[in-house]
Amino acid sequence: MNSSFSRAANVLFLPGVIFMTLLFLYPLLRMAAISTGFPDFNGDSYARFFSIPSYVDTLFRTFAASTIVTVACFILGYPTAVFLSQARGHKKSILLACVVLPYLTSLLVRTYAWMVILNDTSPLNSFLMWTGLIDQPLGLLFSTTGALIGMVHIMLPAMILPIYAILQGMDPAQMRAAKALGGGPARAFFKVYLPQSLPGIRSGATLVFALSLGFYITPAALGSPSDLMLSNLITAVLNSALDFRFASAIAIILLACTLAAYGLVGLFGTRSAQGGVLISRIFSPLVAGLKKLLPSTGNGRAAQRWTSNVGREQVWEGTGSRILAAYGYLVLFFLVLPSILVVVMSFSDERILNFPPRAWSLRWYEVLFTDPLWAEATWTSLRVAAVSTVLSMLIGGTAAYALVRGSAALRPGIFALMLAPMIVPSVVNSVGLYSVLAPWGLVNREVGLILALTPGSISYVVIIMLATLTSFDPRLEMASSSLGAGRIRTALKIILPIIAPGAIAAALFAFIHAFDEVVISSFIAGSTMQTLPLKIWYGIQYELEPVIAAVSTLMMIFPIIALPFLGRRAKVLRT
């Protein structure tokens, strides 16, 4: 690619850089300034936080919960990833769907599902009482155990996918060579297999730990008041004391903890990694895992690699293989069980949730489609998510193209900027955005909510489009130009048809993010505008109405229906 083409591509950096600077970096800087009392700098808010034992306890509790979730996800996720990497053919596709569908399902829906499973009349308590193991319900809902179970369930795909992506790319001949040289199964595993899987473990553990630091919805819905984490404390300070400066200071502390978690990866795992390179190394196994689950996003190499791995060497054989399979099936059952129960209960005719329902009907779907409040919330969410998706595709798509074709010197910093919203806790982003959008008069308005949700959607678009464009042959562009086609004609006739599968997948992820985000919406939407996730969130805080099961079922069905359709659509576009 010649230098003039590279300089022209550099121009495409500008929309993304300007947008992310205004709606991501500036809000964070403004929040930091407010926390220090700018322009009179002092650390009173930070000193106040560390001088009150209950606040410091919340900080330690957040770290402890994140550590427990990370360890539990590793114990459950590593053997499951090994089991998935050994599966073959259609069986592998079905098993992988059990991992990716919960990953694509709304966080609110999954939290609601665990509220159903853990309540006193849940099937779990009913089963244990029926077997005589317990005399009264366990009381798991609104407890520390319940909160940790829900958090592990939500984070588990983020551990499995990076490890699976690394295991799937390992050369099976190395295990055969280790055994041929006299190493037993255990020695070959610990000397050959496990060390090579460390990049996936590191990425998965970092993602789970850092994302767990910012947990907000699940601890608040499933835990007790004593289980609140830093994100919940920020909201409590804002709602009860209206102390924006102190809330900003806590948000900065949470942000510092999150960045420190990512920094440790660079310090102990990838010493030469810096900026965007480090973020790339953390997220690349996750993206690789998602690409395997979404073959339509690739250019055929994933499918070829999939085929080449058929018949790969088994890590465990005989009894060990059967134990591994049983463990893997149990973990996958744990992942899909909440979704199954919610779907079943959505067809209940009862006012109170029971499993199995004693009477069946479409009553709650009728309520959903006839209640004007639910309809208005649904249409608001669809409008906001659709506009945010279009905006993120325009900005993120051009930024991804510039990252591939533009100056190499600019790539690390801009790549880090584009992906940063994914690693910053939502509640931190929310506080920063509120501090900027409120003076601009954009709080309580749809345009403000769209602008607030778009940076996160841009991150998904960039990371998927970058993977797609990297595999695009630039000689096709040069050939088109040499035949007299202009840049626009080349883009419309050559580039877009080839990258259409990846673009559709990127749009799907961007839409799901904008549609499902509840933390940012709770800050920016205000009291006069209600989105569907906000209505669900307010509903599950006060009562477990079966109508929420009907809404949750429709939100789970969307990814199930959309993915095969998009795959077929992508094939049409490519032909």
Side-chain angles (χ1 to χ4, degrees), residues 61-62 64-66 68-69 71-73 75-77 98 101-103 105-157 208 212 215-229 231-232 330-348 350-358 364 518 533 536-553 555-556:
R61 187 187 309 121
T62 302
S66 301
I68 293 171
V69 170
V71 172
C73 285
I75 293 172
L76 294 173
C98 295
L101 285 178
Y103 184 79
T105 302
S106 164
L107 184 148
L108 266 177
V109 171
R110 286 181 281 172
T111 301
Y112 170 74
W114 280 108
M115 295 182 76
V116 172
I117 294 174
L118 300 177
N119 70 62
D120 289 350
T121 60
S122 70
L124 176 62
N125 274 316
S126 300
F127 174 78
L128 293 176
M129 292 177 70
W130 176 75
T131 58
L133 294 175
I134 59 175
D135 297 326
Q136 56 185 1
L138 289 176
L140 293 172
L141 186 59
F142 308 132
S143 70
T144 303
T145 303
L148 291 174
I149 290 174
M151 292 166 68
V152 169
H153 177 265
I154 289 170
M155 286 289 104
L156 190 53
V208 172
S212 296
F215 252 119
Y216 173 78
I217 297 294
T218 308
L222 301 178
S224 67
S226 62
D227 293 315
L228 295 183
M229 299 173 67
S231 296
N232 308 111
L330 283 175
V331 173
L332 295 178
F333 180 70
F334 168 73
L335 278 174
V336 301
L337 175 64
S339 303
I340 294 173
L341 293 185
V342 169
V343 172
V344 173
M345 290 185 179
S346 71
F347 295 101
S348 170
E350 300 174 70
R351 186 68 181 81
I352 300 174
L353 288 171
N354 283 307
F355 187 88
R358 300 186 182 91
W364 301 111
V518 66
I536 295 175
W537 172 231
Y538 295 145
I540 64 178
Q541 289 183 89
Y542 302 107
E543 56 182 338
L544 292 177
E545 278 189 308
V547 67
I548 300 177
V551 180
S552 302
T553 300
M555 292 178 70
M556 285 188 289

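A quick note: this is a predicted structure, and the numbers were derived from the prediction, not measured.
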Requested in this report: For side chain to side chain contact (heavy atoms under 4.5 Å, CB included), just list the numbers for C98 and L335, CA-CA rounded to whole Å, side-chain angles, deciding distance to a tenth of an Å, and then say yes or no.
Outcome: CA-CA 7 Å; C98 295; L335 278 174; 5.7 Å; no
Shortest non-hydrogen contact from [X] toward [Y]:
X	Y	result
D227	S143	OD2-C, 3.5 Å
L108	P533	CD1-O, 3.0 Å
S224	F142	CB-O, 3.4 Å
L222	G146	CD1-O, 3.6 Å
M229	P219	SD-CG, 3.6 Å
V152	C73	O-SG, 3.7 Å

Value rounded to 0.5 Å, distance of [atom1] in [X] from [atom2] in [Y]:
X	Y	atom1	atom2	result
T218	M115	OG1	CE	10.5 Å
L156	I75	CG	CD1	11.5 Å
T553	I548	OG1	CD1	11.5 Å
T111	F215	OG1	CZ	7.5 Å
I149	L118	CD1	CG	5.5 Å
L330	L76	CG	CG	10.0 Å

Query - Ring geometry between W114 and H153 (parallel below 30°, tilted from 30 to 60°, perpendicular above 60°) - result: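 H153 and W114: perpendicular rings.
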**Report entry** Any donor-acceptor pair under 3.5 Å from R61 side chain to S226 backbone
**Finding:**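 The answer is yes, because a donor-acceptor pair under 3.5 Å joins these two groups.
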**Report entry** Test item: R110 side-chain N/O and P338 main-chain N/O as donor-acceptor pair under 3.5 Å
**Finding:**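 Not at all, since once roles are kept as given, no pair shorter than 3.5 Å links the two residues.
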Query raised in the report: For W364, what residues pass the ring pair (Phe, Tyr, Trp, His ring centres under 6.0 Å) criterion, not counting sequence neighbours?
Result: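 Once residues adjacent in sequence are excluded, W364 has no partner under the ring pair (Phe, Tyr, Trp, His ring centres under 6.0 Å) criterion.
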Requested in this report: For the residue pair T145 and L148, establish whether any side-chain heavy-atom pair is separated by less than 4.5 Å.
Outcome: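 No - every pair of side-chain heavy atoms lies 4.5 Å or more apart.
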